[in-house]
Amino acid sequence: SRFVIAKISGSKIESSHLENLTVLEDQYIISKFHNTISEVRSNLDSFHFDRAVNSLAKFLFDELCDWYLEVIKPRFKEGSDEASRSQSISVLSFVLSNYLKLLHPIAPFITEEIWTHLLDANNNAHNDNHTLALANYPKADIKLVNLEIENYFSTIKDFSREIRSVKIKSNIPPSKNLKVYFNREFIPGFDLVNSQIKSLIQVATNSELHLRSDETRPENKLSSEIECQINEITIHVDTEGAINKEEELKRNRSLLAKLDKEIDKLKTKLTNPGFLDKAPKELVLLEKNKLTLEEEKKEKILELISQLSK
């Protein structure tokens, strides 16, 4: 709330912006928010208060904070497009105002306190009462729910997570700028959408994205690029100059040795008749799940070692 209030303070809030959104991330967060409004109202009406709280928490942390607030930061930098910045301010004001209304029955005191600061910051835009307890409870606008936009943004999340995962596995700092190549357009035939998706992935991962067919992949890049497959699109993350291959091979082989020991230990336990006969079913299931997870980790490390060994 402090971030939002700081950004909208003293700015002119244009309610009309919400009806004519042109930026992908704005369309996405408004669509997800109206879905959240619908879920919360439905759960409160059926007295499923825990589900209502879960819906609110999921939207706040998984959508607003983890994604939207991160990808709009460049729009507030000096020299950025004024119209784009103004649109994001209107979206922020609308979402926070109505989120506080949704949350108020569950957390009345803190929401009322934030509400007073928000009123001062946005000159009462999107707010229908000076007291939050008397404000109209939000209603979902189905016209603003756009499943196509949500699918587009899922693509952004999938690619961003995969690129971040490569950095983590390869011990590359998140701030390190990498070149990433993909072999076909994200949404074939939609240049504007592809351009926005590409820009958002670059912001979310601090990477440079380039379209490159598999046939034109340089031979000298085979050893420095890590390949990933996402939604039928192949990407190659160029780690040249970002990692010490020998050190990474050594580190991953060490991790592999530890995993092998843990896997052997779990397999021994799960083939021991004494454990299987005496242990509660829940504990046996827990150990089986652990084994599955460890084997999945091993497969990923083996794949990484294979790529680093090229």
Side-chain angles (χ1 to χ4, degrees), residues 1-41 52 55-146 149-150 153 196 200 203:
S1 59
R2 285 180 179 175
F3 174 84
V4 175
I5 290 171
K7 296 302 179 187
I8 68 177
S9 183
S11 301
K12 185 179 180 182
I13 310 298
E14 298 285 352
S15 300
S16 60
H17 279 164
L18 300 176
E19 300 167 8
N20 302 289
L21 297 175
T22 57
V23 182
L24 184 63
E25 61 263 35
D26 294 339
Q27 294 172 307
Y28 172 76
I29 202 66
I30 289 296
S31 178
K32 293 297 288 187
F33 186 54
H34 281 282
N35 271 327
T36 301
I37 293 172
S38 181
E39 288 176 11
V40 171
R41 291 188 70 107
S55 294
L56 286 165
K58 191 172 185 299
F59 174 80
L60 179 65
F61 295 111
D62 295 351
E63 304 296 347
L64 187 63
C65 295
D66 278 2
W67 289 99
Y68 185 70
L69 293 184
E70 289 302 315
V71 298
I72 66 169
K73 284 179 180 178
R75 295 162 69 180
F76 288 94
K77 289 182 178 178
E78 189 175 347
S80 60
D81 182 65
E82 185 59 39
S84 175
R85 184 189 309 181
S86 179
Q87 181 172 293
S88 64
I89 286 171
S90 296
V91 170
L92 285 172
S93 176
F94 173 82
V95 171
L96 181 58
S97 297
N98 285 281
Y99 187 87
L100 291 173
K101 295 175 188 178
L102 287 174
L103 185 61
H104 184 68
I106 299 161
F109 300 111
I110 185 63
T111 50
E112 195 74 63
E113 176 66 21
I114 297 171
W115 180 260
T116 59
H117 293 287
L118 187 60
L119 288 178
D120 294 337
N122 66 9
N123 299 315
N124 206 33
H126 302 308
N127 303 325
D128 43 32
N129 208 295
H130 287 286
T131 303
L132 186 54
L134 300 177
N136 293 327
Y137 206 67
K139 292 182 180 179
D141 186 345
I142 301 302
K143 298 193 299 295
L144 294 175
V145 174
N146 191 325
I149 292 293
E150 291 187 22
F153 213 86
Q196 291 197 46
L200 289 172
V203 170

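Atom CG of Leu60 and atom CG of Leu102 lie 11.5 Å apart (nearest 0.5 Å). From Thr111, atom OG1 reaches atom CD1 of Ile106 across 9.5 Å, with rounding to the nearest 0.5 Å. For the atom pair CZ of Arg2 and CD1 of Ile114, the computed distance is 9.5 Å after rounding to the nearest 0.5 Å. In this structure, CD1 on Ile110 lies 14.5 Å from CH2 on Trp115, to the nearest 0.5 angstrom.
Side-chain contact between Tyr99 and Leu56: present, with at least one pair of heavy atoms (C-beta onward) separated by less than 4.5 Å. When side chains are defined from C-beta on, Leu92 counts as touching Leu69, because their heavy atoms get closer than 4.5 Å. Taking the side chain as every heavy atom from C-beta outward, Val95 and Phe59 approach each other to under 4.5 Å. The shortest distance between side-chain heavy atoms of Pro74 and Val203 falls below 4.5 Å. Counting heavy atoms from C-beta on, the side chains of Ile30 and Asp26 never come closer than 4.5 Å.
Between the Gln196 side chain and the Leu24 main chain, a donor and an acceptor come within less than 3.5 Å of each other. With hydrogens and angles ignored, the 3.5 Å screen pairs no side-chain donor or acceptor of Ser93 with any backbone N or O of Ile89. Looking only at distances, no side-chain donor or acceptor of Ser38 sits under 3.5 Å from a matching main-chain atom of His34. The backbone N or O of Glu113 lies less than 3.5 Å from a partner atom in the side chain of Thr116, making a donor-acceptor pair. Side-chain atoms of Glu112 come within 3.5 Å of backbone N or O of Leu132 as a donor-acceptor pair. The closest donor-acceptor contact from the side chain of Arg41 to the backbone of Pro138 lies under 3.5 Å.
For the pair Ser31 and Glu150, the tightest heavy-atom approach, listed with the atom from each and the gap, is OG-OE2, 2.6 Å. Heavy atoms only, all atoms of each residue included: Ile72 and Glu25 are closest at CG2-CG, 4.0 Å. When all heavy atoms are compared, the tightest approach of Phe76 to Ser88 is CZ-OG, 3.3 Å. Of all non-hydrogen atoms in Ala135 and Lys101, the two that sit nearest each other are CB-CE, 4.2 Å. Of all heavy-atom pairs between Val40 and Ala52, the closest is CG2-O, 4.0 Å. In plain terms, the two heavy atoms of Ser97 and Leu118 that are nearest each other are OG-CD2, 3.3 Å.
Side-chain N/O atoms of Gln27 and Asn146 include no donor and acceptor closer than 3.5 Å.
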Worked verdict on Tyr68 versus Val91 for side-chain contact (heavy atoms from CB on, under 4.5 Å): CA-CA 10 Å; Tyr68 185 70; Val91 170; 3.4 Å; yes
Steps toward side-chain contact (heavy atoms from CB on, under 4.5 Å) verdict (Glu63, Phe33): CA-CA 9 Å; Glu63 304 296 347; Phe33 186 54; over 6 Å; no
